[in-house]
There are 2 protein chains.
Amino acid sequence: MKKEISRKCENDRDNCPVKDVLNRVGDKWSMLTVIMLSDHGTLRFNELHQLIDGISQKMLTVTLKMLEADGLLTRKMYAQIPPKVEYALTPLGESLVTPLMHLYDWANTNMPEIKASRERYEKAVAV
Amino acid sequence: MKKEISRKCENDRDNCPVKDVLNRVGDKWSMLTVIMLSDHGTLRFNELHQLIDGISQKMLTVTLKMLEADGLLTRKMYAQIPPKVEYALTPLGESLVTPLMHLYDWANTNMPEIKASRERYEKAVAV
DNA sequence: CAGGATCCCGGGCGATACTG
DNA sequence: CAGTATCGCCCGGGATCCTG
């Protein structure tokens, strides 16, 4: 059971699902976008732009396209002036939130210990 | 409950635990390193070098330092020639494997659907 | 064997300006 | 409003060479 992850990678080096997902999860903005949509439900482009602190227009566009291509969210465009586009998670996208929450919980629980460790490390190196 | 993640971010924008962890998780090599150590137990530098497909010497060094600083693994150095250094996960590092497994399971389960979605998207764009 | 030190390239990403 | 287009910087990270 525990050996499963790396064994998968060894058998199929160029198409390892772990790497593939980690690339997506590790993407600077993807997971934050998913989280925002999970928390707030359907959102328009500018609403996302404001909610995701620090993201640029360009990267929001790119990120949304990627997530749409992956089938994690849907893009609903209204034919009107001014334009209106709504983004919402698909069931697939929603299903990703669960494992993400586990990660978040882990982070929240252990962040103090990690920060403490980092400070200790800094001091040890400073010598 | 579901609102928790983004609310945390809004309250504490510069020190958001989600971003912090995602940065680490998203790091190109960190999680693979953790997985390898979890699967194989204690490993030496070169063993890791061979197990983690594609990693360069430099990045392995950097990654190991980061993980050590975070307290996720320990570095045990033997005073001998030629040198021998062993890396192993700490309990903290081990505890990260659980949420990682959830992510892996999700990936494994849904990768077919994601790939199918990507292909559909490609074709739709090609028009 | 386990890394340190350098050099260097590609592309991720931000800033800005423009458009339907 | 919701993007597209373009420019340019920075740095992640690979390749290579060197050392205790």
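Small disclaimer: the values here were computed from a predicted structure and weren't measured. Labels below follow one simple rule: chain letters A, B, ... track the order of the sequence lines, proteins then strands, and each chain is numbered from 1.
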Review point. After noting the C-alpha distance and the side-chain angles of A/Val97 and A/Ile35, does the key distance pass the side-chain contact (heavy atoms from CB on, under 4.5 Å) rule?
Key: CA-CA 7 Å; A/Val97 175; A/Ile35 288 170; over 6 Å; no
Practice item. Could you please name the option among D/dG14, C/dC1, D/dG3 that lies closest to any side-chain atom of B/Pro82? Key: C/dC1
Practice item. Could you tell me the separation between the CG atom of A/Asn23 and the P atom of D/dG13, rounded to a whole number of Å? Key: 11 Å
Check your understanding: Where along residues 61-71 of chain B does a heavy atom come under 4.0 Å from DNA chain C, residue by residue in number order?
Key -> B/Thr61, B/Lys65
Study note, to complete from the structure: To the nearest angstrom, the CG-C1' distance between A/Asp27 and C/dG11 comes to 14 Å
Review point. Atom CD1 of B/Ile52 to atom P of D/dG13: distance rounded to whole Å?
Key: 13 Å
Point to revise | B/Ile81 CD1 - C/dG3 P separation (whole Å) | key: 13 Å
**Study point:** Rounded distance in Å - CD (A/Gln50) to P (D/dA2)
**Key:** 10 Å
Practice item. Scan A/Tyr78 against the nucleic acid and name what it touches under 4.0 Å (heavy atoms): base, sugar-phosphate only, or nothing. Key: nothing
Review point. Taking only N and O in the side chain of B/Arg44, is any of them less than 4.0 Å away from OP1 or OP2 of C/dC1?
Key: no
Study note, to complete from the structure: So CG of B/Asp20 and CG of A/Asn108: to nearest 0.5 Å the spacing works out to 11.0 Å
Check your understanding: Any luck finding a side-chain donor-acceptor pair between B/Trp106 and A/Ser95 under 3.5 Å?
Key -> yes
Practice item. Remember a base hit wins even if backbone is also touched, and classify A/Lys28 as base, sugar-phosphate or nothing at under 4.0 Å, heavy atoms. Key: sugar-phosphate
Study note, to complete from the structure: Checking D/dA2, C/dC13, D/dG14 against the side chain of B/Trp29 (C-beta onward), the nearest is D/dG14
Practice item. Mind running side-chain contact (heavy atoms from CB on, under 4.5 Å) on A/Ile114 and B/Arg24 for me, showing each step along the way? Key: CA-CA 11 Å; A/Ile114 291 179; B/Arg24 195 57 28 110; 6.0 Å; no
Practice item. Indicate, with yes or no, if B/Tyr78 and B/Leu43 share a hydrophobic cluster defined by side-chain heavy-atom contacts under 4.5 Å among Ile, Leu, Val, Met, Phe, Trp and Tyr. Key: no
Point to revise | Any A/Tyr87 side-chain nitrogen or oxygen under 4.0 Å from OP1 or OP2 of D/dC1 | key: no
Review point. What's the NE2-C1' distance between A/His49 and D/dG3, to the nearest Å?
Key: 11 Å
Exercise for review: Give the nucleotide from the list D/dG14, C/dA17, D/dC7 with an atom nearest to the side chain of A/Gln57.
Suggested key: C/dA17
Point to revise | Nearest-nucleotide 5' precedence on DNA chain C, B/Asn46 against A/Lys58 | key: B/Asn46
Check your understanding: Should B/Phe45 and B/Thr61 be marked as a side-chain contact (heavy atoms from CB on, under 4.5 Å) after you check the CA-CA gap, both sets of side-chain angles, and the distance that decides it?
Key -> CA-CA 9 Å; B/Phe45 187 88; B/Thr61 305; 3.7 Å; yes
**Study point:** Aromatic plane relationship, A/His102 with B/His102 - under 30° parallel, 30 to 60° tilted, over 60° perpendicular
**Key:** parallel
Exercise for review: In whole angstrom, give the distance that lies between atom CD of A/Glu47 and atom P of D/dC1.
Suggested key: 11 Å
Practice item. Starting at atom CE of B/Met77, determine the distance to atom C1' of C/dG4, rounded to an integer number of angstrom. Key: 13 Å
Point to revise | Minimum-distance nucleotide (side-chain atoms of A/Arg75 versus D/dC1, D/dG3, D/dG13) | key: D/dG3
